[in-house]
Q: 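Provided herewith is a single structure, encoded as structure tokens, for subsequent inquiry.
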Amino acid sequence: MSLEFEVIQSAIKNQRRSEIRRWRIVLIFVFVCLASLTLDIATGPSMLSPSEVLNALLLADDVEAMTKVIVFDFRLPMALMALSVGAALGVGGAEIQTLLNNPMASPYTLGLAAAAGLGASIVIAFGSFGLPLTLAVPIGAFAMTMVAAGILFIFASIKRLSSEMLVLAGIALLFLFQSGLSLVQYLSAPEVSQQILFWLFGSLTKATWENLFVTSVITAICISLLFKDAWKLTALKMGEERAASLGVDTKKLRLRVLFLVAVMTAVAISFVGVIGFIGLVAPHVARMLVGEDQRFFLPLSMVIGAAFLSAASVLSKVLVPGALFPVGIVTSFIGVPFFFWIMLSKK
Amino acid sequence: MSNLNLKKLTIVRGKTHTARELSLTFEKGKIYAILGPNGAGKSTLLKAIFGDVSLRKGEIEYQDKTLYKTRLGEWRKPIGYMPQDTYVSANLTALDVVLLGKLDSLSMHLNESTLQAALKVMEKVGCLDLAQRDIQSLSGGQRQLILFAQVLLGSPDILMLDEPVSALDMYHQSVLLEHVYQETKKRGLITIMVIHDLSLAAQYADELILLKNGTIRAQGSPSKVLTPDKVAEVYKVDIERLFDSNGTPVIQPKRASSTHC
Ligand SMILES: Nc1ncnc2c1ncn2[C@@H]1O[C@H](COP(=O)(O)OP(=O)(O)O)[C@@H](O)[C@H]1O
Ligand SMILES: [Mg+2]
């Protein structure tokens, strides 16, 4: 009897140890985010030292007025936008992969980004109904992304449609929206086409305090709602039939997750344009580090996504001094080699 | 009414009739073994009871509920179902998988009593040492033990096991089946299991149901069902029937070529 008790106590201790290890990994990436945030604020046309940045952020008295303007009016909204968009894309990718039980899926492969691009291009090419372009383009992108999500929603609510079929439907949509985008570009004047192209390069320079506020609030709400379903999402990884036998209403969960991810990514993409790859790579790294218990997998995908985009933002400014590359280009350039390295180093 | 009643079920999958006007009553505190050759419709029958395969005709009733007239989630609540296919494609530890058996009680922080309950079941089934192993790294038999522990943790009223011991060694077979037996008797479960080993079925089940082409060919106590004639008719195999020291039938197939070699 006491032997049995001891064996179980030691198994509990093992479990606690593994939980602490995983929380520690999440914490490490939180620090990476903070470090990257500081660097992101420090880098740019006029370089600041990290200590200047920290002083400015802590509202010290001896900070130059110019530094304050640079930090608060220019750099901080961009740097925070990097974190919040990165978080949205990381979690979006993680949950789409969970939902479809497919490590190759992400909001991009389901055509959501292509839809955003089409929406934005239509507004740029055919007019903004009297609204200022900075407002009309995100609205157009958001609306079209929700159309794509709506179509996926209809597919997802067909009970007997397997997740493979849903991935296929998403890829088909991707082609559809991409062709739509090409058509709009083909029909419009070269200058307009150029403008569309520029929007498509995801760039954080579009960040303002206002759109940062919208993005971060919506991201925070969606992520907390997803986190509430953490155990159900873990159960979903057992396969839909089994999840159902464990008491999950799989159809409702499917629709809820799809909706939250679609809103979150649509908002993020609408304000900064297309930033690829994070939704694919962040969940992969998270999965390798902590497994798929969503209590750890979800928050880690979030902070890795945030750290990744923030680091890419720093690199986009320092790779070629004086030039600012669109961050959407940089993420894939550093992301893909990094991804290959992970794939090959995996035992 | 605490029985599980199947009333004149007809199930069609593709072009095959996997059940033809099939009627059965399952009582509390009894173990039912569903037997029959491959493709007889055994797995489909369990899936149908679980509400995962639609019925062409007939009804399934339990307590005051009728399948497809009650909400599916509500219908499934008392059922613990272990499917035949044990493959799991998830980066989860065995303990995580077992814990999911009691999904309702899981919170962000796993409390001591939840963990204790899960680990205790694992200890009883004999898979505690696997707790921190990745489920994907386990053998088929080890996965069967883990998934059985998961089902057990949910403390179901109806236990449905689809070939639960097909990949287990002799020791774990008897550990698992002994457990099924004890739980069924102690807690008054309705237990339905598909099993291919006729001798094991005879040892543990109260009632055997011999199925072929969606119809019941024989039903009743082990010694009534496992006669050489019936087994030969259903399986197309000649058997030798022995009896162990308890008088339970032991079934041994005869070699087709044994007379001339
Ligand atoms: N998804 C399906 N579509 C079409 N036919 C099926 C399907 N699943 C099973 N069947 C058929 O139904 C019959 C019974 O299958 P099953 O219940 O799995 O048999 P078993 O008794 O071996 O468990 C078989 O002939 C099988 O081919
Ligand atoms: Mg079967």
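Sequence lines set the chain letters: A, B, ... in the order given, protein chains first and strands last, and positions in each chain run from 1.
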Q: Counting only heavy atoms from other residues, nucleotides and ligands, does the tally under 6.0 Å from NZ of B:Lys65 exceed 12?
A: yes
Q: Is chain B contacted by the side chain of A:Ala243, its backbone, both, or neither, given a heavy-atom distance below 4.5 Å?
A: neither
Q: When you look at OH of B:Tyr68, are more than 12 heavy atoms from neighbouring residues, nucleotides or ligands closer to it than 6.0 Å?
A: yes
Q: Starting from the C-alpha separation in whole Å, work towards a yes-or-no answer on side-chain contact (heavy atoms from CB on, under 4.5 Å) for A:Ser245 and B:Ile79.
A: CA-CA 8 Å; A:Ser245 81; B:Ile79 304 178; over 6 Å; no
Q: Apply side-chain contact (heavy atoms from CB on, under 4.5 Å) to B:Leu147 and A:Arg242, showing your working.
A: CA-CA 10 Å; B:Leu147 291 174; A:Arg242 223 172 279 225; 2.8 Å; yes
Q: Answer with side chain, backbone, both or neither: which region of A:Gln9 has an atom nearer than 4.5 Å to a non-hydrogen atom of chain B?
A: side chain
Q: Under 4.5 Å from any heavy atom of chain A, what part of B:Tyr81 do you find: side chain, backbone, both or neither?
A: both
Q: Name the region of A:Ser18, side chain, backbone, both or neither, that has any atom closer than 4.5 Å to a heavy atom of chain B.
A: side chain
Q: Can you tell me if B:Arg56 has over 12 outside heavy atoms packed within less than 6.0 Å of its CZ?
A: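 No.
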Q: Check each atom of B:Gln150 against the heavy atoms of chain A and say whether the ones under 4.5 Å are side chain, backbone, both or neither.
A: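 When you check distances to chain A, only side chain atoms of B:Gln150 fall under 4.5 Å.
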Q: For the CZ atom on A:Phe153, are there more than 12 heavy atoms of other groups (residues, nucleotides or ligands in this structure) within a distance under 6.0 Å?
A: yes
Q: Who among B:Leu99, B:Leu95, B:Ile135 has the most heavy-atom pairs with chain A under 4.5 Å?
A: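 Sorted descending by pairs with chain A, the first entry is B:Leu95.
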Q: Can you name the residues that form a salt bridge (Lys or Arg N to Asp or Glu O under 4.0 Å) with A:Lys228, not counting sequence neighbours?
A: none
Q: Indicate yes or no: at least one non-hydrogen side-chain atom of B:Asp85 is less than 4.5 angstrom from one of A:Glu241.
A: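 SC-SC contact between B:Asp85 and A:Glu241 ruled out.
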Q: May I ask you to name which of B:Met122, B:Gln116, B:Lys77, B:Arg71 has the most heavy-atom pairs under 4.5 Å with chain A?
A: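 Option with the top pair count is B:Gln116.
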Q: What part of B:Lys102 is in contact with chain A, defined as an atom under 4.5 angstrom from a non-hydrogen atom: side chain, backbone, both or neither?
A: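 For B:Lys102, neither part sits under 4.5 Å from chain A.
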Q: Looking at B:Ala131, B:Gly80, B:Gly73, B:Pro83, which has the largest count of heavy-atom pairs under 4.5 Å with chain A?
A: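 Heavy-atom pairs under 4.5 Å are most numerous for B:Pro83.
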Q: Checking A:Phe227 against chain B: side chain, backbone, both or neither under 4.5 Å from a heavy atom?
A: both
Q: Any idea which of A:Arg287, A:Lys237, A:Gln15 has the most non-hydrogen atom pairs under 4.5 angstrom with chain B?
A: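 Highest number of pairs under 4.5 Å: A:Gln15.
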Q: Is atom NZ of B:Lys185 surrounded by more than 12 heavy atoms (other residues, nucleotides or ligands) closer than 6.0 Å?
A: yes
Q: With only heavy atoms counted, which part of A:Asp249 is less than 4.5 Å from chain B, the side chain, the backbone, both or neither?
A: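 Contact with chain B: none, neither part.
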Q: What is the minimum heavy-atom distance between B:Leu100 and A:Ala235, and which atoms define it?
A: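 Closest pair (atom of B:Leu100, atom of A:Ala235, distance): CD1-CA, 3.8 Å.
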Q: Do A:Arg295 and B:Leu106 make a side-chain contact, defined as non-hydrogen atoms from C-beta onward lying under 4.5 Å apart?
A: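 They are not in contact (no side-chain heavy atoms under 4.5 Å apart), so the answer is no.
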Q: I need the minimum non-hydrogen distance between A:Asp293 and B:Leu92, along with the two atoms involved.
A: N-CD2, 3.5 Å
Q: Using 0.5 Å steps for rounding, measure from the CH2 atom of A:Trp231 to the CG atom of B:Leu110.
A: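 Separation between the atoms: 4.5 Å.
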Q: Taking the side chain as C-beta and beyond, is there a heavy-atom pair between A:Arg16 and B:Leu115 under 4.5 Å?
A: yes
Q: Once rounded to the nearest 0.5 Å, what's the spacing between atom CG of B:Leu72 and atom OG1 of A:Thr250?
A: 9.0 Å
Q: Please determine whether the number of non-hydrogen atoms from other residues, nucleotides or ligands lying under 6.0 Å from atom CE of B:Met108 exceeds 12.
A: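 More than 12 heavy atoms, drawn from other residues, nucleotides or ligands, come within 6.0 Å of this atom.
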Q: Do you know which two heavy atoms are closest between A:Glu292 and B:Asn91, and how far apart they sit?
A: OE1-N, 2.6 Å
Q: With only heavy atoms counted, which part of B:Leu119 is less than 4.5 Å from chain A, the side chain, the backbone, both or neither?
A: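 Contact with chain A involves both backbone and side-chain atoms of B:Leu119.
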